[in-house]
Chemist: 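Questions regarding the structure given below will be posed in turn.
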Amino acid sequence: MCTLIVSVMPGSPLPVLLAAVRDEFVTRPWMSPARHWPEHPGLIGGRDLQAGGTWFAADPRHRRAAAVLNGRGALAPQGIRRSRGELPLLAAAEGGWPRVDPRAYDPFHLVLAGLDGVRLWSWDGRRVTEDKLPDGVHVLVNSGWARGHGDPRASWLRDRFAAAARPVWRAEASPARFWGEWLDLASGAGLPPDDPRSLLIRRTVGGRVFASLSVTLVGLGEEGVRYDFCPCPEDPGSWHQVRATG
């Protein structure tokens, strides 16, 4: 996954909101969110069919979710290298830093969100750092937590999501009615993929198409987990609710 927007507002009916965009080569096979992992029967997420893991996992029962973004730094040795797609499953299942040796993974940013807040671990191939995101709206990308205004794209996204009306809990509402302005922003806000501010991308890399393949919107609250998914970002009509309420 390449971009994650996180909104933290303690005391709200939905204290944590997440908008997650997965960017990948279009030929890499995957499946839409479901309970794909018998070893983790409580988790829901999209499944990467090449490595078997996920980019985003939700645990409705415990009101938490985890996501992983590719990072930058020293790669893992080939002899011990494991898929980063394991990490959201382990973090969501365990409710904390997964009991793994980070040296077996290429650089990553791992996010774990729950009703008690949002934690971020970053591994650059040499050391792990940990942060707890403060109240407000935050943007995470491959370079990590985009703080301040040094990244114009992140600043544009942060400002737009911060200004958008916050959803309120309506379990059976349609995605458009539930998310309102958040859904429009997560659908690209009408910007073309070549606009440097765009949340959604599409480009050719070495003769292969690399693009935003899906978008996830998740809200965590005492009432449950609201989980909506768009498998075709170029078609806003493809948004649908994943039955994740715990």
Side-chain angles (χ1 to χ4, degrees), residues 1-7 17-33 45-51 53-57 65-73 75 83-85 87-88 106-111 120 122 137-164 175 179 181-218 228-240:
M1 193 178 63
C2 289
T3 306
L4 180 69
I5 292 95
V6 181
S7 176
L17 302 174
L18 305 158
V21 178
R22 185 189 185 219
D23 299 336
E24 185 54 86
F25 287 106
V26 299
T27 54
R28 183 160 178 151
W30 57 281
M31 296 175 68
S32 287
R47 187 181 186 194
D48 173 50
L49 294 179
Q50 181 169 308
T54 190
W55 53 97
F56 190 101
V68 68
L69 294 84
N70 294 349
R72 297 174 180 171
L75 302 182
S83 169
R84 289 170 289 196
L87 298 171
D106 288 345
F108 62 81
H109 306 287
L110 179 63
V111 176
L120 166 67
S122 295
V137 175
H138 310 281
V139 179
L140 290 90
V141 292
N142 294 136
S143 57
W145 181 8
R147 313 183 203 202
H149 296 278
D151 183 332
R153 174 177 178 267
S155 296
W156 190 90
L157 291 169
R158 183 170 53 245
D159 291 347
R160 295 315 185 275
F161 277 93
W179 290 99
E181 295 173 273
W182 269 66
L183 188 135
D184 178 65
L185 290 169
S187 298
L191 296 176
D194 59 352
D195 189 306
R197 302 168 298 173
S198 182
L199 178 62
L200 307 179
I201 66 163
R202 188 176 187 86
R203 61 176 66 105
T204 301
V205 179
R208 303 165 65 194
V209 177
F210 186 82
S212 300
L213 300 187
S214 66
V215 187
T216 300
L217 283 170
V218 164
D228 291 272
F229 186 72
C230 180
C232 302
E234 68 277 8
D235 176 16
S238 67
W239 278 100
H240 63 275

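It should be emphasised that the depicted structure is a prediction, and the values quoted were computed from it without experimental measurement.
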Chemist: Roughly how far apart are Ser7 OG and Arg158 CZ, rounded to 0.5 Å?
Modeler: 12.5 Å
Chemist: Checking side-chain contact (heavy atoms from CB on, under 4.5 Å) for the pair Leu18/Leu217: CA distance, chi angles, key distance, verdict?
Modeler: CA-CA 6 Å; Leu18 305 158; Leu217 283 170; over 6 Å; no
Chemist: Indicate the atoms forming the closest heavy-atom contact of Ala51 with Ser83, along with that distance.
Modeler: CB-OG, 3.5 Å
Chemist: side-chain contact (heavy atoms from CB on, under 4.5 Å) for Val218 and Phe56? Distances and angles first, verdict last.
Modeler: CA-CA 10 Å; Val218 164; Phe56 190 101; 3.6 Å; yes
Chemist: Counting N and O atoms only, with roles assigned by atom type, does the side chain of Asn142 sit under 3.5 Å from a partner on the main chain of Asn70, one being a donor and the other an acceptor?
Modeler: yes
Chemist: Any heavy-atom pair between the side chains of Phe25 and Leu213 that's under 4.5 Å?
Modeler: no
Chemist: If I take atom SG from residue Cys2 and atom CD from residue Glu24, how far apart are they, to the nearest 0.5 angstrom?
Modeler: 7.5 Å
Chemist: Looking at CH2 of Trp30 and CG of Asp48, how far apart are the two atoms once the value is rounded to the nearest 0.5 Å?
Modeler: 10.5 Å
Chemist: Hey, what do you get for CZ (Arg28) to CZ (Phe210), rounding to the nearest 0.5 Å?
Modeler: 10.5 Å
Chemist: Is any side-chain heavy atom of His138 closer than 4.5 Å to a side-chain heavy atom of Trp145?
Modeler: yes
Chemist: Is there side-chain contact between Thr54 and Arg47, with at least one heavy-atom pair below 4.5 Å?
Modeler: no
Chemist: Which pairs pass salt bridge (charged side-chain N to carboxylate O under 4.0 Å, His left out) with one or both residues in residues 186-196, sequence neighbours excluded?
Modeler: Asp195-Arg197
Chemist: Quick one, Leu183 and Glu181 - any side-chain contact, counting heavy atoms below 4.5 Å?
Modeler: no
Chemist: Which is it for Ser122 and Leu120 under the side-chain contact (heavy atoms from CB on, under 4.5 Å) test, yes or no, and what are the steps along the way?
Modeler: CA-CA 7 Å; Ser122 295; Leu120 166 67; 4.0 Å; yes
Chemist: Would you say Val6 and Leu140 make side-chain contact, with heavy atoms under 4.5 Å?
Modeler: yes
Chemist: First locate atom CE of Met31, then atom CG of Leu49, and finally report the distance between them rounded to the nearest 0.5 Å.
Modeler: 6.0 Å
Chemist: Is any side-chain heavy atom of Val68 less than 4.5 Å from a side-chain heavy atom of His109?
Modeler: no
Chemist: side-chain contact (heavy atoms from CB on, under 4.5 Å) for Leu4 and Leu69? Distances and angles first, verdict last.
Modeler: CA-CA 8 Å; Leu4 180 69; Leu69 294 84; 4.3 Å; yes
Chemist: Can you name the side-chain hydrogen bond (donor to acceptor under 3.5 Å, both in side chains) partners of Trp239, sequence neighbours left out?
Modeler: Ser187
Chemist: Do you know which two heavy atoms are closest between Ala67 and Pro88, and how far apart they sit?
Modeler: C-CG, 4.2 Å
Chemist: Compute both the distance and the angle, then confirm whether Arg153 meets the cation-pi test with Trp156: under 6.0 Å from the six-membered ring centre, within 45 degrees of the axis.
Modeler: no
Chemist: Show me the donor-acceptor pairs, under 3.5 Å and distance only, between side chains in residues 198-208 and residues at least two apart or in other chains.
Modeler:
residue, atom, partner, partner atom, Å
Ser198, OG, Leu200, N, 3.2
Ser198, OG, Leu200, O, 2.7

Chemist: Under 4.5 Å between any side-chain heavy atoms of Ser238 and Phe229, yes or no?
Modeler: no
Chemist: Counting C-beta onward and ignoring hydrogens, is there a side-chain heavy-atom pair between His240 and Asp228 closer than 4.5 Å?
Modeler: no
